[in-house]
Number of protein chains: 4
Amino acid sequence: MNGKEGIWAYTPTKERIIKVALKLFSRKGFKGTTIKDIAKEVGITEGAIYRHFASKEKIIYFLITTVSRELEELIKEKVFIRGSLKEQVKSLIETLMRYAFEKPDSFRFLTVYHILRENGFEKRLPGGLILENFKRAYMRGELKVSPEVALSVAVGSVERAFILWEMGLVNLPEDRFIEELQETVVSALC
Amino acid sequence: MNGKEGIWAYTPTKERIIKVALKLFSRKGFKGTTIKDIAKEVGITEGAIYRHFASKEKIIYFLITTVSRELEELIKEKVFIRGSLKEQVKSLIETLMRYAFEKPDSFRFLTVYHILRENGFEKRLPGGLILENFKRAYMRGELKVSPEVALSVAVGSVERAFILWEMGLVNLPEDRFIEELQETVVSALC
Amino acid sequence: MNGKEGIWAYTPTKERIIKVALKLFSRKGFKGTTIKDIAKEVGITEGAIYRHFASKEKIIYFLITTVSRELEELIKEKVFIRGSLKEQVKSLIETLMRYAFEKPDSFRFLTVYHILRENGFEKRLPGGLILENFKRAYMRGELKVSPEVALSVAVGSVERAFILWEMGLVNLPEDRFIEELQETVVSALC
Amino acid sequence: MNGKEGIWAYTPTKERIIKVALKLFSRKGFKGTTIKDIAKEVGITEGAIYRHFASKEKIIYFLITTVSRELEELIKEKVFIRGSLKEQVKSLIETLMRYAFEKPDSFRFLTVYHILRENGFEKRLPGGLILENFKRAYMRGELKVSPEVALSVAVGSVERAFILWEMGLVNLPEDRFIEELQETVVSALC
DNA sequence: TATGAATGAGCTTTCATTCAT
DNA sequence: TATGAATGAAAGCTCATTCAT
């Protein structure tokens with residue numbers, strides 16, 4: 001084994017570029033982040049970036065693909081596996097919130113959909129998957145509201161909650177914040 | 001009097017610049033929009049922009065101030081005037097949604113908080129006002145959940161709802177969509 | 001009249017860019033000439049170039065089109081109008097040589113077909129026209145040799161003659177050089 | 001002895017670099033060809049090139065020296081050895097044309113004098129040798145035209161003939177094309 | 001008010017070259 | 001000999017801004 005397998009086969013430098021780009025793109029946007037910014041924070045020169053990515057666009061494409069897939073897998077694995085809708089919604093809120101707290105750059109990157117919009121990736125957000133699931137639950141009569149409203153409430157609440165948290169406007173402990181959000185959304189949808 | 005006083009003393013051209021800038025900034029971001037883009041869509045040359053605004057930054061400052069104040073006034077006028085929390089929340093959802101449908105560029109501009117963040121305006125979003133109101137309701141025992149969660153659910157849901165709508169993913173008529181969202185959020189918070 | 005008509009409607013600056021680009025491209029090639037080189041010799045900054053041409057490629061496209069058309073027109077007007085093949089060949093040599101001496105940058109630009117080749121314009125050289133003419137003369141039995149050989153001798157001789165001249169290797173007066181070349185080529189082909 | 005002596009001591013890899021460089025330089029020019037282009041076509045990495053040549057310039061210097069010497073030797077050996085001018089000219093055309101067909105990259109490289117000019121090698125073309133020879137023939141009264149015109153016709157015709165051939169514009173068989181060119185040039189000069 | 005040419009700084013990208021392995 | 005990551009300078013191009021008209 002040489003430490004290079006599958007999608008994780010990039011070198012430490014490439015990995016660092018990815019992490020820094022994720023952070024900067026999610027905070028300053030695609031146009032607002034320069035290759036120089038990334039290079040400086042990675043500790044290499046601008047030219048060196050191009051040994052790992054053919055263009056700035058390729059970096060964001062890679063990030064969009066990788067990060068949205070990561071969250072999708074997480075949702076499939078943790079949320080859709082549950083039996084009742086109630087448990088699914090509870091798990092969805094928890095999964096999204098935990099993801100946001102653990103990987104704030106990734107979550108912010110996906111949330112700040114402006115970045116994605118700039119690059120024509122709107123529909124790749126995991127939103128599509130969740131919407132489909134809500135539609136099925138709606139057919140089965142388990143969902144109190146229409147799928148579109150359910151998605152808006154479930155996902156929108158988490159997104160705003162994370163922004164408030166990042167702004168330092170939340171006076172509750174992390175776990176309590178998540179719990180309350182879970183209960184609130186569950187009570188609204190199920 | 002010639003119809004031009006104070007800050008509202010802009011000429012039709014200035015007005016057109018503002019409208020176009022709002023549209024473009026809200027869609028392509030601050031850095032993603034060039035003075036040339038704006039000038040072209042307004043139908044003037046780049047230099048002419050500078051007859052009306054001293055710099056690109058001044059344009060976005062003007063927009064942030066104007067648009068956020070407009071929504072604030074609307075909320076004060078339509079929402080905070082209501083008696084019960086239930087009616088306030090119902091009115092908040094309706095007001096935000098109607099605003100979003102009537103002035104999508106303005107709403108998108110405020111929502112895509114990335115743009116604001118780029119320009120250090122995070123805290124000027126009307127969120128602050130609503131949060132204060134929720135805090136008071138919480139003190140009075142009218143709010144079932146903590147103010148932070150309430151704000152997240154109320155505002156986040158509307159933001160996501162608008163995005164879904166813009167993406168063409170909503171299969172309900174406008175009024176029905178708003179009504180359902182109202183009921184859902186009210187049932188969750190009050 | 002405002003000094004702007006037809007294809008010559010470019011500003012003095014644009015005209016200067018064209019002249020300088022022609023000179024530099026013909027001497028140092030397309031890749032060997034930088035926008036900075038051109039800008040410096042024109043006496044403006046690099047950015048200013050782009051107000052007149054959208055890209056470096058657009059400059060060479062313009063030159064290829066303009067210069068090759070110019071020579072084509074000249075040939076149509078001075079050469080093809082003649083009656084006998086003998087007179088046509090005499091006129092061809094004279095026209096090409098005079099053009100080369102009067103507009104060395106243009107002639108060199110067309111001759112150094114490497115530049116054209118780099119840009120996929122091989123077939124736009126006036127060679128095509130002349131070849132067609134030789135083919136018709138060959139059919140009529142006026143041409144002693146095959147059209148391909150005739151073209152090679154006629155055009156190739158002039159091209160080489162010009163290079164020798166530019167290298168300072170020719171010890172004849174201009175007119176005598178042209179005359180001798182005329183006689184030689186005519187005697188070979190007719 | 002190991003088969004590696006003097007300037008010819010290059011390994012197979014070095015030989016491949018030379019061949020590829022000759023091909024690419026002759027087609028895309030010196031500036032238009034990158035070390036990466038060469039490396040890729042040779043099948044090695046960019047760094048490896050520098051094991052064989054100290055710089056990009058050294059490669060083209062080597063090529064100019066080697067290729068022009070090769071053609072010079074050929075001309076000395078095949079052309080100047082002949083008795084009469086007529087036979088010399090016939091042989092010159094044949095030698096150049098055969099060389100062009102057998103080693104098109106080499107001939108194109110020498111012909112596209114633009115490349116040489118970029119590198120200050122103008123006068124090293126075998127043209128000098130041939131011109132000297134024509135001058136002597138002129139003194140002896142064997143040459144009908146001045147040496148400069150003779151060189152222009154003899155060499156220019158071959159150069160143009162090769163270009164036409166490469167463009168696929170020649171409808172004669174190779175041998176017939178050469179023969180006709182020989183006869184035409186001989187009849188013009190002798 | 002408006003134009004449009006120009007500036008100058010900064011951007012993305014390229015590329016010859018170096019160097020540790 | 002060869003690799004491949006990295007450098008650093010320079011390339012083409014963009015863009016906010018200025019200014020003469």
Side-chain angles (χ1 to χ4, degrees), chain A residues 10-14 16-17 30-39 42-59, chain B residues 10-14 17 30-39 42-60, chain C residues 10-14 16-17 30-39 42-59, chain D residues 10-14 17 30-39 42-60:
Chain A
Y10 38 69
T11 66
T13 296
K14 187 166 187 178
R16 263 151 60 222
I17 293 171
F30 181 68
K31 296 259 184 176
T33 304
T34 69
I35 291 289
K36 200 172 200 162
D37 290 340
I38 298 172
V42 169
I44 53 178
T45 56
E46 297 157 71
I49 300 274
Y50 290 86
R51 183 153 283 279
H52 302 279
F53 290 95
S55 69
K56 196 183 167 190
E57 286 229 307
K58 287 276 168 63
I59 303 180
Chain B
Y10 44 69
T11 67
T13 297
K14 185 165 186 178
I17 293 171
F30 180 69
K31 297 258 185 178
T33 304
T34 69
I35 291 289
K36 199 174 192 168
D37 289 340
I38 298 172
V42 169
I44 54 178
T45 57
E46 299 157 77
I49 299 274
Y50 290 85
R51 288 278 142 202
H52 303 278
F53 290 95
S55 70
K56 195 184 168 190
E57 287 230 306
K58 286 276 168 64
I59 303 179
I60 203 167
Chain C
Y10 38 70
T11 67
T13 297
K14 187 166 185 177
R16 262 151 59 223
I17 292 171
F30 181 69
K31 297 258 184 178
T33 303
T34 69
I35 291 289
K36 199 171 200 162
D37 290 340
I38 298 172
V42 170
I44 54 178
T45 56
E46 294 158 73
I49 300 274
Y50 290 87
R51 184 154 284 279
H52 302 279
F53 289 95
S55 68
K56 197 184 168 189
E57 286 228 308
K58 286 276 168 64
I59 302 178
Chain D
Y10 43 70
T11 66
T13 296
K14 186 166 187 177
I17 293 171
F30 181 68
K31 296 257 185 179
T33 303
T34 69
I35 291 289
K36 199 174 192 169
D37 289 340
I38 298 172
V42 170
I44 54 179
T45 58
E46 299 156 76
I49 299 273
Y50 290 85
R51 289 276 142 205
H52 302 277
F53 289 95
S55 70
K56 196 184 167 189
E57 288 230 305
K58 287 275 168 63
I59 302 179
I60 203 168

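Letters go in sequence order (proteins before strands), and every chain restarts at 1. Because the structure is a prediction, the values reported are computed rather than measured. Atoms considered below: every heavy atom in the structure, side chains included; atoms not considered: hydrogens, waters and symmetry mates.
We find that NZ of D:K58 is positioned 13 Å from C1' of E:dT17, with the value rounded to whole Å. Rounded to whole angstrom, the span from the NZ atom of C:K14 across to the P atom of E:dA5 amounts to 10 Å. Rounded to whole Å, the distance from CD on A:E46 to C1' on F:dA9 is 11 Å. When rounded to the nearest whole Å, the span between CD1 of C:I35 and P of E:dG10 equals 21 Å. Atoms CZ (C:F53) and P (E:dG4) sit 18 Å apart, rounded to a whole Å. Following rounding to the nearest Å, A:R16 (CZ) and F:dA6 (P) show an atom-to-atom distance of 7 Å. D:E57 has its CD atom 13 Å from the C1' atom of E:dT17, to the nearest Å. If you take NZ of A:K56 and P of E:dT14, they are 15 Å apart, rounded to a whole angstrom.
To the nearest 0.5 Å, the span separating CD1 on A:I17 from CD1 on A:I49 amounts to 4.0 Å.
At E:dA6, none of the side-chain N or O atoms of C:R51 fall inside 4.0 Å of OP1 or OP2 (strictly under the cut-off). A close approach under 4.0 Å does occur between a side-chain nitrogen or oxygen of D:T13 and OP1 or OP2 of F:dA2. Checking the phosphate oxygens (OP1, OP2) of F:dC15, no side-chain nitrogen or oxygen of B:K36 falls inside 4.0 Å. Phosphate proximity of E:dA6 to C:H52: present, with a side-chain N or O under 4.0 Å from OP1 or OP2.
Each of C:I38, C:T34, C:T33 was evaluated against C:K36; a single residue qualifies, C:T34, per the side-chain contact (heavy atoms from CB on, under 4.5 Å) test.
Rounded to the nearest Å, the gap between the P atom of F:dT21 and that of E:dT1 is 23 Å.
Nearest nucleotide to the side chain of D:A48, out of E:dT12, F:dT3, E:dT3: F:dT3. Comparing F:dG12, F:dA16, F:dG8 by their nearest atom to the side chain of A:T45 picks out F:dG8.
The nearest pair of heavy atoms linking D:D37 to D:G32 is OD2-O, 3.9 Å.
When each of D:Y50 and C:I44 is assigned the nucleotide of DNA chain E bearing its nearest heavy atom, the one mapping closer to the 5' terminus is C:I44. If you find the closest nucleotide of DNA chain F to A:I49 and to B:A54, the one lying nearer the 5' end belongs to A:I49. Between C:G47 and B:G43, the residue anchored closer to the 5' end of DNA chain E is B:G43, taking for each the nucleotide with the nearest heavy atom.
The closest side-chain heavy-atom distance from D:F30 to C:K31 is not below 4.5 Å. Side-chain contact between D:F53 and D:K14: present, with at least one pair of heavy atoms (C-beta onward) separated by less than 4.5 Å.
Across all strands shown, E:dG4 forms a Watson-Crick or G-U wobble pair with F:dC19, both key distances being under 3.5 Å.
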